[in-house]
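Nothing here was measured: the structure is a model prediction, and the numbers come from that model.
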Amino acid sequence: IGPYAMTDAPPPANLMLVGHKPDAVDYYGAFDLYASASTQEGLGSALLDAVVRDIPIVAIDAGGTRDVVADTRVLVSPQDGPGFIAALAHAIDCHGSARFAAVECGKRARDLFSVESMVEKNIQVYREILS
């Protein structure tokens, strides 16, 4: 479904569309690529789960994805279906560079969303409220 609905090309044999999986985090170790076509993400915790595991990603630039992914090369405009397909193809064809970018993105996300960082940001909000 998704991008393949926009083309006549059949999906690859190794592509599985499994729907909602409550235990999806258990499968991240098997991922070669994480694609998020959601146009209405808040923070995008599933995307964040992939990013902090250094999994190459392609995502729609909507909601909180830009907060998770500073690298705009992997973010595609919500109106650009062909661009999303092209970004997926590029990440698959150039997996080495996608993997390198994923490691850099993952390092940034782990720093940005660490427990220490999140606690400090919450403390700062309380300080601002109280001052």
Side-chain angles (χ1 to χ4, degrees):
I1 309 178
Y4 288 98
M6 296 179 229
T7 71
D8 291 332
N14 63 345
L15 174 67
M16 290 189 275
L17 302 171
V18 296
H20 175 73
K21 300 291 280 181
D23 58 347
V25 73
D26 295 340
Y27 298 97
Y28 280 90
F31 289 9
D32 294 317
L33 175 73
Y34 182 90
S36 175
S38 175
T39 59
Q40 299 181 2
E41 285 294 334
L43 172 61
S45 58
L47 177 67
L48 181 57
D49 284 341
V51 168
V52 299
R53 287 172 173 80
D54 299 336
I55 297 169
I57 62 143
V58 173
I60 297 295
D61 189 3
T65 56
R66 189 173 289 267
D67 295 332
V68 175
V69 183
D71 185 352
T72 58
R73 291 175 294 171
V74 298
L75 296 178
V76 181
S77 168
Q79 297 80 25
D80 189 4
F84 189 79
I85 294 169
L88 286 171
H90 183 267
I92 291 166
D93 292 342
C94 302
H95 195 268
S97 62
R99 183 86 173 118
F100 178 80
V103 170
E104 292 297 311
C105 189
K107 180 179 182 290
R108 177 188 169 277
R110 285 187 296 279
D111 291 342
L112 190 61
F113 295 101
S114 71
V115 171
E116 295 82 7
S117 176
M118 299 306 290
V119 167
E120 183 56 40
K121 289 174 187 173
N122 279 303
I123 290 170
Q124 185 59 35
V125 168
Y126 283 116
R127 285 182 181 142
E128 289 173 12
I129 291 171
L130 295 173
S131 58

Subject >> Arg99 (side chain) donor-acceptor with Asp32 (main chain) under 3.5 angstrom >> reply: no
Original post:
Are Val103 and Leu33 linked, directly or through other ILVMFWY residues, by side chains that come within less than 4.5 angstrom of each other?
Top reply: no
Original post:
What closest approach, in Å, do Met118 and Phe113 show between heavy atoms, and which atom pair accounts for it?
Top reply: CG-O, 3.8 Å
**OP:** Drop me the distance from Leu48's CG to Arg110's CZ, to the nearest 0.5 angstrom.
**Re:** 10.5 Å
Original post:
Going from CD1 on Ile60 to OG on Ser38, what distance comes out if it is rounded to the nearest 0.5 angstrom?
Top reply: 8.5 Å
**OP:** Applying side-chain hydrogen bond (donor to acceptor under 3.5 Å, both in side chains), name anything that partners Arg53, two or more places apart in sequence or on another chain.
**Re:** none
**OP:** To the nearest 0.5 Å, tell me how far Thr65 OG1 sits from Leu47 CG.
**Re:** 7.0 Å
**OP:** Measure the NE2-CG distance between His95 and Asp93 for me, rounded to the nearest 0.5 Å.
**Re:** 11.0 Å
Original post:
By the rule that ILVMFWY residues connect when side-chain heavy atoms come within less than 4.5 angstrom, directly or transitively, which residues belong alongside Val115?
Top reply: Val119, Ile123
Original post:
Val68 and Val51: which non-hydrogen atoms are nearest, and at how many Å?
Top reply: CG1-CG2, 3.9 Å
**OP:** Consider only side-chain heavy atoms of I, L, V, M, F, W and Y, link residues closer than 4.5 Å, and tell whether Ile55 and Phe100 are in one cluster.
**Re:** no
**OP:** Using the test ring-ring contact (aromatic ring centres under 6.0 Å, His included), find all partners of Phe31 that sit at least two apart in sequence or belong to another chain.
**Re:** Tyr28
**OP:** Specify the closest pair of heavy atoms between Asp111 and Ser117, including all atoms of both residues, with the distance to one decimal.
**Re:** O-CB, 3.4 Å
Original post:
Of the non-hydrogen atoms in Tyr34 and Ala46, which two are nearest, and what is the gap between them?
Top reply: OH-CB, 3.2 Å
Subject >> Inter- and intrachain pairs under salt bridge (Lys or Arg N to Asp or Glu O under 4.0 Å), touching residues 115-131, at least two apart >> reply: Glu120-Arg127
**OP:** Could I get the full list of side-chain contact (heavy atoms from CB on, under 4.5 Å) partners for Ala98, not counting sequence neighbours?
**Re:** Pro56, Ala91
Original post:
What pairs with Ser77 under side-chain hydrogen bond (donor to acceptor under 3.5 Å, both in side chains), at least two apart in sequence or on another chain?
Top reply: Gln79
**OP:** Check Thr39 against Ala62 and note the closest heavy-atom contact, atom names and distance.
**Re:** O-CB, 3.3 Å
